[in-house]
Amino acid sequence: MAEAERIIGTPDTPDGAGAGPERSGERAAADERPGSDGAAPAAPDADSGTDGVTEGEEDGAARPRGKRRIAVLFAVAALAYALDLISKMIVVARLEHHEPIEIVGEWLRFVAIRNAGAAFGFGEAFTVIFTVIAASVIVVIIRLARKLYSLPWAIALGLLLGGALGNLTDRIFRAPGVFQGAVVDFIAPKGFAVFNLADSAIVCGGILIVLLSFRGLDPDGTVHKD
């Protein structure tokens, strides 16, 4: 009987003996797999406050939303500059040294004059100073364009830039000399100073900037309340 049991073997012995190496290999492989020890995968640190958001994503969320309005700024400036330049060329060619043209009777006339001062004929003794100021305004606006996200601000600054460029062109290229040139003015309302389209662009841009400031809108598109 004992000899028969030895030959046949117990039912558990072959399985246990044959599966021993295989089971050992499977367990070793299982031990090498990540998280096979039964522990749950590491969760994001709750104390970090990021909730799985990377540092780059946090920085992106803090930036102003939308796109820069640089194209709008320069498009408005180019339009204002072109209108001012073309109007002055027509005035010099067709109106200078001629009789004024009445547009609305005596209330509005076109008359060509040369203005060595600032807008609307003020400060004729400080032509060079006004030229430097205009150039400085242009530089400041161009540098501000890098963080310009507000459409109304882009329009306002574009008007300022186009108007400043228009009058600066006269200061540089017209008589009596470089940086001392007289600006061409031609719009003459009754009882008011004579001005040009560049002056109008500057004034409109300045008024718009004041209104935007009162509303608390910044050039980067953010709104603050004081």
Peer 1: Any heavy-atom pair between the side chains of Tyr149 and Lys67 that's under 4.5 Å?
Peer 2: no

Peer 1: Applying the 4.5 Å side-chain criterion to the ILVMFWY set and letting contacts propagate, would Leu95 and Ile103 be lumped into a single cluster?
Peer 2: yes

Peer 1: I'd like to know if the side chain of Thr169 pairs up with that of Tyr81 as donor and acceptor (distance under 3.5 Å, no hydrogens or angles considered).
Peer 2: yes

Peer 1: Determine whether Val92 and Met89 make a side-chain contact, defined as any pair of heavy atoms from C-beta on separated by less than 4.5 Å.
Peer 2: no

Peer 1: Is Asp170 reaching over with its side chain to a backbone N or O of Val184, donor-acceptor style, under 3.5 angstrom?
Peer 2: yes

Peer 1: Can you tell me how far apart CG (Leu148) and CZ (Arg69) are? Round to the nearest 0.5 Å.
Peer 2: 9.0 Å

Peer 1: Heavy atoms, side chains only, cut-off 4.5 Å: are Asp220 and Ser150 in contact?
Peer 2: no

Peer 1: Are Val140 and Leu161 connected in a single hydrophobic cluster, I mean Ile/Leu/Val/Met/Phe/Trp/Tyr linked by side-chain heavy atoms less than 4.5 Å apart?
Peer 2: no

Peer 1: Does Trp107 reach the side chain of Pro189, with side-chain heavy atoms less than 4.5 Å apart?
Peer 2: no

Peer 1: Are the side chains of Arg171 and Val183 in contact, using a 4.5 Å heavy-atom criterion?
Peer 2: yes

Peer 1: Counting distance only, does the side-chain N/O of Trp153 pair as donor-acceptor with the main-chain N or O of Leu73 below 3.5 Å?
Peer 2: no

Peer 1: Phe186: what forms a ring-ring contact (aromatic ring centres under 6.0 Å, His included) with it, not counting sequence neighbours?
Peer 2: Phe110

Peer 1: Any donor-acceptor pair under 3.5 Å linking the side chain of Thr222 with the backbone of Asp218?
Peer 2: no

Peer 1: How about CZ on Arg109, more than 12 heavy atoms from neighbouring residues, nucleotides or ligands closer than 6.0 Å, or not?
Peer 2: no

Peer 1: Any chance you could measure Leu165, atom CG, to Leu160, atom CG, to the nearest 0.5 Å?
Peer 2: 11.0 Å

Peer 1: Going hydrophobic residue to hydrophobic residue with side-chain gaps under 4.5 angstrom, can you get from Ile138 over to Ile133?
Peer 2: yes

Peer 1: Between Ile202 and Leu159, is any pair of side-chain heavy atoms under 4.5 Å apart?
Peer 2: no

Peer 1: From Asn167 CG over to Arg174 CZ, what is the distance, rounded to the nearest 0.5 angstrom?
Peer 2: 10.5 Å

Peer 1: Strictly by salt bridge (charged side-chain N to carboxylate O under 4.0 Å, His left out), give each pair with a member in residues 74-86 just once, sequence neighbours left out.
Peer 2: Asp84-Lys88

Peer 1: How many angstroms lie between CG in Leu208 and OG in Ser213, if you round to the nearest 0.5 Å?
Peer 2: 9.5 Å

Peer 1: Using a 4.5 Å cut-off on heavy atoms from C-beta on, say whether the side chain of Leu197 contacts that of Ile187.
Peer 2: yes

Peer 1: If hydrophobic clusters are built from ILVMFWY residues whose side chains come within less than 4.5 Å, do Leu168 and Ile86 share one?
Peer 2: no

Peer 1: Going from OG on Ser87 to CG on Asn196, what distance comes out if it is rounded to the nearest 0.5 angstrom?
Peer 2: 7.0 Å

Peer 1: Between Lys147 and Arg68, is any pair of side-chain heavy atoms under 4.5 Å apart?
Peer 2: no

Peer 1: Closest heavy-atom contact between Ala145 and Ile70?
Peer 2: O-CG1, 3.2 Å

Peer 1: Are Val76 and Val139 connected in a single hydrophobic cluster, I mean Ile/Leu/Val/Met/Phe/Trp/Tyr linked by side-chain heavy atoms less than 4.5 Å apart?
Peer 2: no

